[in-house]
Visitor: 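Questions regarding the structure given below will be posed in turn.
So that the names make sense, note that chain A is the first sequence line, chain B the second, and so on, each numbered from 1.
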4 protein chains.
Amino acid sequence: MAGIRERQLQKRKQETLDVALRLLMEHGYANLNMDELAEEVGISKPTLYQYFNSKDELVAQAMVRVFEKMEEHLSELSEKSPLEQLEHFLRLMLKSRSEKRNIMAQMDVEVMHSIVQRYPYMTEHLLATRLKLGQLVMKAQAQGEINPAIPAWVVVNAVFSLQGILHNPFMKTDPQRSDQELAEAIESIVHLFKQGVCNEIPLQTTILN
Amino acid sequence: MAGIRERQLQKRKQETLDVALRLLMEHGYANLNMDELAEEVGISKPTLYQYFNSKDELVAQAMVRVFEKMEEHLSELSEKSPLEQLEHFLRLMLKSRSEKRNIMAQMDVEVMHSIVQRYPYMTEHLLATRLKLGQLVMKAQAQGEINPAIPAWVVVNAVFSLQGILHNPFMKTDPQRSDQELAEAIESIVHLFKQGVCNEIPLQTTILN
Amino acid sequence: MAGIRERQLQKRKQETLDVALRLLMEHGYANLNMDELAEEVGISKPTLYQYFNSKDELVAQAMVRVFEKMEEHLSELSEKSPLEQLEHFLRLMLKSRSEKRNIMAQMDVEVMHSIVQRYPYMTEHLLATRLKLGQLVMKAQAQGEINPAIPAWVVVNAVFSLQGILHNPFMKTDPQRSDQELAEAIESIVHLFKQGVCNEIPLQTTILN
Amino acid sequence: MAGIRERQLQKRKQETLDVALRLLMEHGYANLNMDELAEEVGISKPTLYQYFNSKDELVAQAMVRVFEKMEEHLSELSEKSPLEQLEHFLRLMLKSRSEKRNIMAQMDVEVMHSIVQRYPYMTEHLLATRLKLGQLVMKAQAQGEINPAIPAWVVVNAVFSLQGILHNPFMKTDPQRSDQELAEAIESIVHLFKQGVCNEIPLQTTILN
DNA sequence: GATGAATGAGCGTTCATTCAT
DNA sequence: GATGAATGAACGCTCATTCAT
């Protein structure tokens with residue numbers, strides 16, 4: 001069997017995706033160019049195009065990989081309570097973001113949209129992940145962990161958007177945050193999320209008492 | 001004064017910036033091209049370059065415009081309490097976002113950084129706005145409206161990042177939200193923010209009671 | 001009579017030509033741009049185009065002015081011997097070159113050619129100047145001042161080309177020459193010219209003796 | 001070795017440089033455009049940019065090529081006397097000029113300067129060639145072949161500038177010179193050079209005798 | 001008569017993608 | 001199967017020239 005070859009190929013492909021993800025994080029979609037990628041991986045451009053039919057497909061597969069990882073993480077947490085799972089998930093994303101290991105932020109909305117439209121299997125993964133998170137949210141709402149007045153999709157998106165706090169476009173000029181500061185920030189964000197979505201607390205009253 | 005000509009010019013320039021902002025939102029920085037912009041505004045490319053010395057300067061001015069609007073909004077609220085001001089500001093940003101009138105989210109981190117570096121007056125506006133918000137946050141913390149344990153910059157960035165909830169890269173595939181839904185979402189987000197940053201509420205206890 | 005207006009116009013035109021000549025010397029034809037010229041002269045571009053129908057016509061007229069000056073210089077010398085006149089002319093050109101007051105060198109051969117073709121009155125001046133110099137050369141040859149074996153046109157061109165010694169494209173990297181050095185160089189070049197074109201001297205023999 | 005591919009590439013690159021040199025001569029730097037060049041060579045523009053990183057680098061390499069040829073020529077003559085070497089060199093340059101195979105004259109001083117500054121290896125070649133010629137001149141002066149009163153750099157530049165006699169900007173209108181005429185002109189120029197720089201001959205006296 | 005404002009045409013450069021070996 | 005070499009299509013930008021006031 002040519003299984004050994006096949007496996008090597010898969011390994012190369014995987015490695016390529018990993019490098020692509022790194023470059024996407026470092027420079028964003030627009031600045032990811034196929035020449036640089038091929039060179040960085042150590043293969044030629046035609047080979048790259050044998051692995052992936054186009055830049056967008058490559059990016060789509062890279063994203064799929066990210067979604068897969070997310071789903072893996074979600075599965076590993078299944079014994080906890082829904083809110084705990086969401087918290088844990090958020091914490092994971094924040095950590096990978098603080099270590100610059102997260103593309104999401106870099107992805108241009110329009111680019112993502114156009115890619116999603118053209119690569120249906122990506123949509124599947126995307127929707128699957130959103131669905132799982134959405135179900136978690138609704139379970140949490142049913143159990144009284146999360147305020148049922150908040151639309152589930154808002155909570156799901158909040159999980160993704162809150163990452164932006166760590167590196168938003170307006171921060172680069174700031175002094176670099178120390179690891180210590182980042183760790184504290186992560187805790188604050190997680191706290192903010194939990195307290196923000198938790199079951200109705202009569203805000204004014206609570207504070208004034 | 002023959003300011004009629006001058007005024008028309010300023011109007012055209014303004015219109016150009018507006019269209020540029022729209023295109024930036026719709027296609028992102030990388031896909032904003034000067035030909036398209038010129039055509040869309042109804043002027044020729046050289047004219048565009050008479051108005052703005054380069055694409056980056058154009059974008060910088062567009063961003064400055066956004067910051068100016070933000071600062072205006074902030075000034076108009078000065079009689080309210082710090083937290084109320086922040087809430088109002090967040091609400092404004094969410095509204096303009098829900099009407100697709102906000103670039104921020106679309107801006108690639110790298111691109112922003114490079115532009116900010118080259119157009120110092122943009123940095124000024126950026127820092128000024130952040131400073132104002134930061135001071136508001138700290139005042140709110142001093143007055144017990146906001147949890148002083150959360151770093152001020154985290155709260156400031158939260159104000160910007162929470163907008164992402166309305167249009168994040170993973171939502172485009174969803175069915176379009178109705179105006180009704182969006183309005184509700186905005187309220188949820190504002191609530192989430194306020195409750196999330198408010199002074200320490202022993203979370204678990206509150207929920208369990 | 002509107003003569004006063006007319007005179008002012010001519011003065012403005014003249015001034016424009018002078019500035020154009022300066023810019024031509026400083027940046028060459030390709031880098032002479034009409035915006036810069038207009039601004040430097042202190043008039044608007046449309047006005048510039050009222051004075052001169054096109055960039056090339058402007059350059060043509062500037063060149064004509066140069067030729068006129070040359071011819072003036074030549075006329076002023078008419079009482080001297082032919083060779084003395086040539087020497088004096090060469091010296092003048094070298095001086096204006098050493099003071100960066102000479103376009104000739106900067107003019108691209110092709111550009112000149114295309115301009116010459118389109119503006120016949122320039123050809124006239126060009127040919128007139130060349131003719132005068134050619135006649136001088138031939139007179140000098142008839143009088144035994146210049147070696148009659150050298151084609152007259154070679155001598156004429158030599159007068160122009162020898163200027164290049166002072167600023168040729170390969171010299172910019174050199175240390176700047178002091179005024180003293182330049183003055184010496186000019187004398188050397190004049191000497192080189194005179195000795196080079198003078199009546200046959202059996203070279204080898206002369207040296208060896 | 002599969003050097004056949006490699007060799008074809010080098011040939012193409014070489015051909016490109018050759019065509020570039022021709023176009024530089026025919027139209028000058030400013031009018032050398034990459035589209036035309038690519039088409040003339042029979043390759044696409046991106047290919048051109050794979051060969052050379054920029055227009056300026058291309059021109060720099062073309063110039064370097066010319067300097068290399070000059071240096072080769074100089075090396076081949078090492079057994080002759082210094083003045084003979086200079087003469088031979090001048091003759092070679094005149095010949096290649098009369099066959100339109102020489103850029104030098106066309107190069108705008110400003111353009112050259114900017115290119116030289118940016119491509120240090122070009123400066124090296126330029127200085128090396130000038131140095132060699134300068135040393136030849138000084139040797140000739142030491143041996144009494146060349147007038148030691150003339151600064152060496154003036155003689156070196158004369159070698160370059162005298163070429164201009166064959167095609168100076170004011171000649172294009174002339175009737176084309178026949179090959180015969182050109183050959184004679186070359187001899188005259190060489191003679192002019194030798195006699196011009198040779199050891200002091202009391203000019204007036206010699207002529208009058 | 002003078003000008004602020006506008007433009008057609010072109011140039012240098014880049015990038016995702018494919019051909020030929 | 002892997003690659004060096006090639007390319008179509010854009011894009012940011014500039015400049016001589018003209019329109020409208």
Visitor: What is the separation between atom CD on A:E39 and atom P on E:dA16, rounded to the nearest whole Å?
Guide: 14 Å
Visitor: Using a 3.5 Å distance criterion without hydrogens, assess whether the side chain of D:K13 forms a donor-acceptor pair with backbone atoms of D:F52.
Guide: no
Visitor: Which nucleotide in the set F:dT17, F:dA5, F:dG12 lies at the smallest distance from any side-chain heavy atom of C:Y49?
Guide: F:dT17
Visitor: Nearest to the side chain of B:T47, heavy atoms from C-beta on, is which of E:dT17, E:dT3, E:dA6?
Guide: E:dA6
Visitor: Which is it for B:I43 and B:Y51 under the side-chain contact (heavy atoms from CB on, under 4.5 Å) test, yes or no, and what are the steps along the way?
Guide: CA-CA 11 Å; B:I43 61 181; B:Y51 294 167; 3.8 Å; yes
Visitor: Nearest whole angstrom, please: distance from the C1' of E:dT7 to the CG of C:D35.
Guide: 13 Å
Visitor: Round to a whole Å and report the spacing from CG of C:L58 to P of F:dT17.
Guide: 10 Å
Visitor: Select one nucleotide: of E:dA5, E:dC15, F:dC15, the one nearest the side-chain heavy atoms of D:P46.
Guide: E:dC15
Visitor: If you go through the side-chain atoms of C:K45, does one of them form a donor-acceptor pair with the base of E:dT3 closer than 3.5 Å?
Guide: no
Visitor: Quick check on DNA chain E: between B:S44 and A:D56, whose nearest nucleotide comes earlier from the 5' end?
Guide: B:S44
Visitor: Mind calculating the distance between CG (B:L32) and C1' (F:dG12) to the nearest angstrom?
Guide: 11 Å
Visitor: State which of E:dT18, F:dT18, E:dA6 makes the closest approach to the side chain of B:R12.
Guide: E:dA6
Visitor: With a cut-off of 6.0 Å (strictly less than), are more than 12 heavy atoms of other residues, nucleotides or ligands near CD of B:E39?
Guide: no
Visitor: Let's test this: given Watson-Crick or G-U wobble pairing with both distances under 3.5 Å, identify the partner of F:dA20.
Guide: E:dT3
Visitor: Identify whether any heavy atom of B:Y51 sits under 4.0 Å from a base atom; if not, whether one sits that close to sugar-phosphate; answer base, sugar-phosphate or nothing.
Guide: sugar-phosphate
Visitor: So for atom CZ, which belongs to C:R12, do other residues, nucleotides or ligands contribute more than 12 heavy atoms lying within a distance under 6.0 Å?
Guide: no
Visitor: From the options F:dT14, F:dT17, E:dG12, select the nucleotide whose nearest atom is closest to the side chain of C:M34.
Guide: F:dT17
Visitor: Roughly how many Å is it from CG in D:L48 to C1' in F:dA5, rounded to a whole number?
Guide: 14 Å
Visitor: In this structure, how many angstroms lie between the P atom of E:dG10 and the CG atom of C:N33, rounded?
Guide: 19 Å
Visitor: Using salt bridge (Lys or Arg N to Asp or Glu O under 4.0 Å) as the criterion, point out the one residue from D:E15, D:E40, D:E36 that pairs with D:R22.
Guide: D:E40
Visitor: Send over the distance from B:I43 CD1 to F:dT18 P, rounded to a whole Å.
Guide: 21 Å
Visitor: What is the distance, to the nearest angstrom, from the NZ atom on C:K55 to the P atom on F:dC15?
Guide: 9 Å
